[in-house]
Trainee: 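Input: one structure, supplied below.
Residue numbering restarts at 1 for every chain, and letters A, B, ... go by the order of the sequence lines.
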Number of protein chains: 2
Amino acid sequence: MYTIGEVSKMFHLPISTLRYYDQQGLFPMITRKSGIRIFSDTEIEALRVIECLKKSGLEIKDIKSFMQWCIEGAASYQRRLELFQKQKKTVEEEIIQMQKVLDMLKFKCWYYETALKDGSEKNLKFLPNDLMPAEIKKAYFHSHEK
Amino acid sequence: MYTIGEVSKMFHLPISTLRYYDQQGLFPMITRKSGIRIFSDTEIEALRVIECLKKSGLEIKDIKSFMQWCIEGAASYQRRLELFQKQKKTVEEEIIQMQKVLDMLKFKCWYYETALKDGSEKNLKFLPNDLMPAEIKKAYFHSHEK
DNA sequence: ATATAACATAAACCTAACTTTAGGTCAAGT
DNA sequence: ACTTGACCTAAAGTTAGGTTTATGTTATAT
């Protein structure tokens, strides 16, 4: 059992954010003692799920729906599973996108390292050519494909 | 040489977004013919960099700064390199975060698949135990660590 | 010539996710 | 009793990144 201040420190989240989440219905089972919120294991696990679903791109209002489904019990297992499957797919695609972004950044790092050495990017303008290291060439084409 | 409508289709970006980017100073070298924007290879490559830097978490105003540096020539190679190095590190960390998120989602998928089979999550509440498949256990601990 | 499609601007509007403000309550220590 | 720190609410404010609206201009096809 934790106070809002303790949870704030545990998750490195401002107290105002936790109150905002509660207001948005993200802790539908939270209890209070003379007005003060008591965060139990339920809310702690909820917060882990909130962080996960947020990073997977889900909006607050859809996380609220999920939290409501949790109250419904076994009747919503299918819906909850489908949500996690959808977010899993989203994140898998997101990671593939980020690998491409990373390859573009690797190429640009190489580009400016070379420009700095050469004192000019004039030679680099005639790329891609055989002077490009194999790894950089791969990163370049990966990041520019489709 | 392309019109705004052609670029919009090429990048699957609304025309309004391209005009907004221009207004924010993301195409400092763009030319016009009787008021109409002409997108050349410079702006096409700029757009690729914009998408990359945006996905790496950079704000529009910082992308604007970068575009200004590009005009300065060799004097800004160092700064440009440092920016790409910083964003590369950011994205590498971001991908690691996303792997954790993915592991949480994998665990939750397994959890609800099992709950559906069992018709109840009662047995799952006593986890982690030896009934958890090795792969799921790994995902669970990875996503809950630190 | 004229219709229409694609371009232009400035300014207002929008949304999500918070954050801040102003004012008040509660619990613990001195 | 009283101060202090941690909690509370409702409502207004903030920020980023666009989008929409209203109005006007330019290019192209018939």
Trainee: Rounded to the Å, how far apart are A/Leu26 CG and C/dA16 P?
Mentor: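 In whole Å, C/dA16 P lies 14 Å from A/Leu26 CG.
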
Trainee: Which whole-number value in Å describes the distance from B/Leu18 CG to C/dA6 C1'?
Mentor: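 Rounded to the whole Å, the gap is 14 Å.
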
Trainee: Can A/Glu82 and A/Arg79 be counted as an ion pair, charged N to O under 4.0 angstrom?
Mentor: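 A/Arg79 and A/Glu82: not salt-bridged.
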
Trainee: When you check every protein heavy atom under 4.0 Å of nucleotides 11-30 of chain D, what one-letter string (B, S, -) results, 5' to 3'?
Mentor: -----SBBBB-----SS---

Trainee: Do the side chains of B/Glu92 and B/Lys88 get close enough for a salt bridge, i.e. N-O under 4.0 angstrom?
Mentor: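 Between B/Lys88 and B/Glu92 there is a salt bridge, with a charged N closer than 4.0 Å to a carboxylate O.
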
Trainee: Does any donor atom in the side chain of B/Glu121 or A/Tyr77 lie under 3.5 Å from an acceptor atom in the other side chain?
Mentor: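 The criterion, which ignores hydrogens and geometry beyond distance, is satisfied for A/Tyr77 and B/Glu121.
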
Trainee: Calculate the interatomic distance between A/Arg19 atom CZ and C/dT21 atom P; express it in whole Å.
Mentor: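 One finds 14 Å between P of C/dT21 and CZ of A/Arg19, rounded.
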
Trainee: What is the distance, to the nearest angstrom, from the CZ atom on A/Phe27 to the P atom on D/dC8?
Mentor: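 Nearest whole value for this atom pair: 12 Å.
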
Trainee: Over how many whole Å does the gap from A/Leu13 atom CG to C/dA17 atom C1' extend?
Mentor: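 Going from A/Leu13 (CG) to C/dA17 (C1'), I get 12 Å.
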
Trainee: Without decimals, in angstroms, what is the distance between A/Ile30 CD1 and D/dC7 C1'?
Mentor: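 Atom CD1 in A/Ile30 sits about 13 Å away from atom C1' in D/dC7.
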
Trainee: Rounding to a whole Å, what distance do you find between A/Ile15:CD1 and C/dT19:P?
Mentor: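 After rounding, the gap between these two atoms is 12 Å.
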
Trainee: Inspect the contact between B/Glu45 and B/Arg48 and indicate whether a charged nitrogen and a carboxylate oxygen are less than 4.0 angstrom apart.
Mentor: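 Yes, this pair counts.
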
Trainee: Using a strict cut-off of less than 4.0 Å between a Lys/Arg side-chain nitrogen and an Asp/Glu carboxylate oxygen, indicate whether B/Glu145 and B/Lys100 qualify as a salt bridge.
Mentor: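 B/Lys100 and B/Glu145: salt-bridged.
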
Trainee: I'd like to know if B/Arg32 pairs up with B/Asp22 as an ion pair, taking the criterion as any Lys NZ or Arg NE/NH1/NH2 lying under 4.0 Å from an Asp or Glu carboxylate oxygen.
Mentor: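 Between B/Asp22 and B/Arg32 there is a salt bridge, with a charged N closer than 4.0 Å to a carboxylate O.
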
Trainee: By the 4.0 Å heavy-atom rule, please label B/Arg37 as base, sugar-phosphate, or nothing.
Mentor: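 Since only primed, P, OP1 and OP2 atoms lie under 4.0 Å of B/Arg37, the category is sugar-phosphate.
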
Trainee: In whole angstrom, give the distance that lies between atom CG of B/Asp22 and atom C1' of C/dA8.
Mentor: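 Distance check: B/Asp22 CG to C/dA8 C1' gives 11 Å.
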
